[in-house]
Amino acid sequence: MTPTSWSRHRLRSGDDFRAVTRRGVRSARSHVVVHLALLPQAPEAPRVGFVVSKKVGNSVVRHRITRRLRELVRAHLDAFPAGSTAVIRALPGAEQLPFADLEDEVTGALGSAVRKLERRGTPSGAPR
RNA sequence: CCAGUCGGCCGGACAGUCGCGUCCCCGCCCGUCAGGGCAGGGGUCGAGGAAAGUCCGGGCUCCACCUGGCACGGUGGUGGGUAACACCCACCCGGAGCGAUCCGCGGGACAGUGCCACAGAGAGCAGACCGCCUCCCUCACCUGCGGGUGCGGGCGGUAAGGGUGAAAGGGUGGUGUAAGAGACCACCGCGGUCCCGGUGACGGGACCGGCACGGUAAACCCCACCGGGAGCAAGGUCGGACAGGGGACGUCAGAGGGUGCCAGCCCGAGUCCCCGGGUGGACCGCUGGAGGUCGUCGGCAACGGCGAUCCGAGAUGGAUGACUGUCGAGAACAGAACCCGGCUUACAGGUCGGCUGGUCCC
RNA sequence: CGCUCCGUAGCUCAGCCCGGUAGAGCAGCUCCCCCAUAAGGAGUGGGUCGCAGGUUCGAAUCCUGCCGGAGCGU
């Protein structure tokens with residue numbers, strides 16, 4: 001894998017977050033939820049966004065979880081289908097998890113989300 | 001050494017690999033130039049003592065620029081420090097402690113108003129329930145014929161004692177008295193005048209008064225001093241998109257505004273409301289400052305003057321993570337968003353120093 | 001960034017301005033009525049007044065600081 005800039009894979013707009021969490025498939029583990037969707041007009045490179053709400057902890061805890069998630073997503077970028085968009089949401093208690101366990105939860109949830117997406121067949125996000 | 005008290009400092013360190021943000025250099029790409037872009041390489045720097053809560057004070061920016069009175073809010077011993085403060089330092093007073101030291105919203109209750117429940121006789125120009133005492137009346141008893149004692153009743157005196165209460169109109173001791181009482185005396189307290197010390201809060205002394213004037217102002221209030229409003233989403237530059245319609249008031253005899261009201265002064269040709277539509281980009285502000293360190297001088301200190309030296313974040317969906325190794329070892333609270341000075345609150349562990357009390361040794 | 005409001009019984013709220021007794025409705029429990037249930041009637045328990053300091057003789061109430069929860073403006 002050629003070195004790439006992380007900023008190409010970032011998800012920023014609130015509209016994109018809403019589109020993925022509403023139309024995409026969802027797969028959960030005990031401390032993490034993965035939403036995945038194939039949106040129209042999406043670029044070839046997969047994009048990922050994070051949601052860590054205030055219920056998870058204070059600012060330090062939320063930042064630490066976001067950094068860990070970003071780090072392990074960067075290591076597993078090739079696990080995301082081309083052209084897909086993902087949102088990973090952390091649940092309360094995630095800061096207690098060792099990094100390796102968090103990695104298992106995210107990759108496991110991502111795997112089942114990909115299978116769900118393939119079973120659905122047609123690209124989701126089609127207009128109603 | 002033990003116990004205590006006050007203050008300062010640290011807030012895991014080092015090394016390696018991968019990864020992120022700012023800035024600089026190189027490289028590559030676009031462009032006629034100006035310049036712009038990048039996924040490559042190298043270097044530099046990269047959260048806190050509270051970055052927090054947003055409780056005060058300022059800087060900065062804008063508001064047609066800001067005066068006076070009222071209202072509202074804040075501050076509240078004195079003197080300093082400071083850009084300023086509700087902060088800091090020193091001192092005074094009161095309280096706690098053997099002490100070092102700590103705590104105090106610490107002006108005014110003879111400008112006025114209000115409140116002081118329950119209990120209690122009486123609670124604000126107070127008051128006689130029990131008690132104590134003089135005198136008078138009835139009755140009984142004793143008698144040395146002057147009177148005395150006792151039960152009951154009455155007119156009074158009395159704030160020493162009991163009892164109520166947070167608080168009962170100076171305290172303690174004596175003189176005095178029928179019993180009592182600042183009625184009188186001593187000391188203490190209180191008030192006044194004068195003298196001395198101090199910049200001052202205040203302290204000390206002498207004399208006089210002779211007790212009159214309870215508490216509450218974090219109750220209304222009075223006094224002194226302070227406060228124009230909004231906030232970096234301030235404000236500005238560039239670029240882009242769209243669609244306009246209706247109503248109210250007004251254009252110098254002037255709507256409206258100067259963020260409470262009135263007056264003064266000033267600005268002034270547009271202002272406000274409703275329906276509908278569009279944008280929601282980039283850049284500046286943006287970090288070099290009441291800055292840190294060291295020396296020296298002034299000051300009890302807070303702090304200030306001078307000189308030298310250093311540059312220590314600047315994001316914009318918001319940068320610090322992953323793995324490994326070593327070390328008196330897995331440790332706390334916690335993440336900048338315009339900046340600074342404070343306050344308050346949270347906090348594992350460690351470390352240094354001053355002082356106090358006790359014990360032991362020389 | 002700038003503000004506002006609210007924490008009182010299991011639940012929904014009074015009481016706070018102007019300090020002395022904490023109260024209402026529903027719910028709960030006991031009894032009556034009824035063959036039985038609901039309804040109705042009578043009675044009854046239950047509150048660190050969010051937390052901690054302070055002012056006062058005395059604080060749910062006044063002051064200060066925290067904690068938690070809603071909401072508004074830009």
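Letters A, B, ... are given to chains in the order of the sequence lines, protein chains preceding strands, and every chain is numbered from 1. We use all heavy atoms of the structure for the numbers below, so side chains are in, but hydrogens, waters and symmetry mates are not. Everything quoted here is computed from the prediction, not taken from an experiment.
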In whole angstroms, how far is the C1' atom of B:rG321 from the CG atom of A:L102?
12 Å

B:rU5 pairs with which nucleotide, Watson-Crick or G-U wobble, both distances below 3.5 Å?
B:rG354

Using the C1' atom as the point on both nucleotides, what is the distance between C:rC3 and C:rA9, in whole Å?
34 Å

Sticking with atom P, work out how far B:rG162 lies from B:rG204, rounded to a whole angstrom.
35 Å

B:rA334 OP1/OP2 closer than 4.0 Å to side-chain N/O of A:H63
no

Heavy atoms of A:A37 and A:G24 approach each other most closely as CB-CA, 3.7 Å

By nearest-heavy-atom nucleotide on RNA chain B, the more 5' of A:E71 and A:V51 is A:V51

Taking the side chain from A:K116 and the backbone from A:R26, do they hold a donor-acceptor pair closer than 3.5 Å?
yes

For the student: nearest non-hydrogen atoms of A:S84 and A:P81, plus distance:
OG-O, 2.7 Å

Nearest-Å distance for atom pair CZ/P, residues A:R74 and B:rA319
16 Å

State, yes or no, whether a side-chain contact exists between A:F50 and A:V73 at a heavy-atom distance under 4.5 Å.
yes

Pairing check on B:rC87: which nucleotide meets the Watson-Crick or G-U wobble criteria with it, both distances under 3.5 Å?
B:rG81

So which nucleotide does B:rA234 pair with, by the Watson-Crick or G-U wobble rule with both distances under 3.5 Å?
none

What is the distance, to the nearest angstrom, from the CZ atom on A:R62 to the P atom on B:rU320?
15 Å

A:R47 atom CZ is separated from B:rG317 atom P, nearest whole Å, by 15 Å

A:L91 reachable from A:V106 in the ILVMFWY side-chain graph, under 4.5 Å edges:
no

Write down the partner of B:rG214 under the Watson-Crick or G-U wobble criteria, each distance required to be under 3.5 Å.
B:rC116

Whole Å only: how far is the CZ atom of A:F99 from the P atom of B:rC18?
17 Å

Examine B:rU320: is either OP1 or OP2 under 4.0 Å from a nitrogen or oxygen in the side chain of A:R67? Give yes or no.
yes

For atom P, what is the distance between B:rA166 and B:rA86, given to the nearest Å?
40 Å

State the CG-CG distance between A:L69 and A:L102, to the nearest 0.5 angstrom.
5.5 Å

Quantified in whole Å, what is the P atom distance between nucleotide B:rC225 and nucleotide B:rC85?
15 Å

Over how many whole Å does the gap from A:I65 atom CD1 to B:rG335 atom P extend?
13 Å

Starting from P on B:rC333, measure out to CZ on A:R64 and report it in whole angstrom.
10 Å

Quick one: look up who B:rA126 pairs with, Watson-Crick or G-U, both distances under 3.5 Å, and put none if it's unpaired.
none

Taking the same atom, C1', in C:rU56 and in B:rA290, what whole-Å distance lies between them?
44 Å

Does B:rA47 count as syn, meaning its glycosidic angle lies within 90° of 0, or as anti?
syn

Nearest-Å distance once atom P is located in both C:rC18 and B:rG203:
37 Å

Could you tell me the separation between the CG atom of A:L77 and the C1' atom of B:rA39, rounded to a whole number of Å?
13 Å

Anti or syn - B:rG312, cut at 90° from 0:
syn

Can you tell me if A:R68 touches the phosphate of B:rA322, counting only side-chain N or O atoms and a distance under 4.0 Å to OP1 or OP2?
yes

For B:rG192 versus B:rG210, give the span between their P atoms, rounded off to a whole number of Å.
16 Å

Any-strand Watson-Crick or G-U partner of B:rC102, both distances under 3.5 Å
B:rG95

Judged by nearest nucleotide, the residue sitting upstream toward the 5' end of RNA chain B, A:V60 or A:A100, is A:A100

Validation row: A:E105, A:L97 side chains within 4.5 angstrom (heavy atoms)
yes

Please name the nucleotide paired to C:rG20 by Watson-Crick or G-U wobble geometry with both distances under 3.5 Å, or report none.
C:rC57

Is the base of C:rU8 syn or anti, where syn means the angle lies within 90° of 0?
anti

Rounding to the closest angstrom, what is the interatomic distance between B:rA336 and B:rU22 at atom C1'?
14 Å

Determine if the base of C:rC17 is syn or anti; take syn to mean the glycosidic torsion is within 90° of 0.
syn

For B:rG268, which nucleotide is its Watson-Crick or G-U wobble mate, given both distances must be under 3.5 Å?
none

Pull up the glycosidic torsion of B:rG146 and say syn or anti, syn being anything within 90° of 0.
syn

Side-chain (A:R47) to main-chain (A:A86) donor-acceptor, under 3.5 angstrom:
no

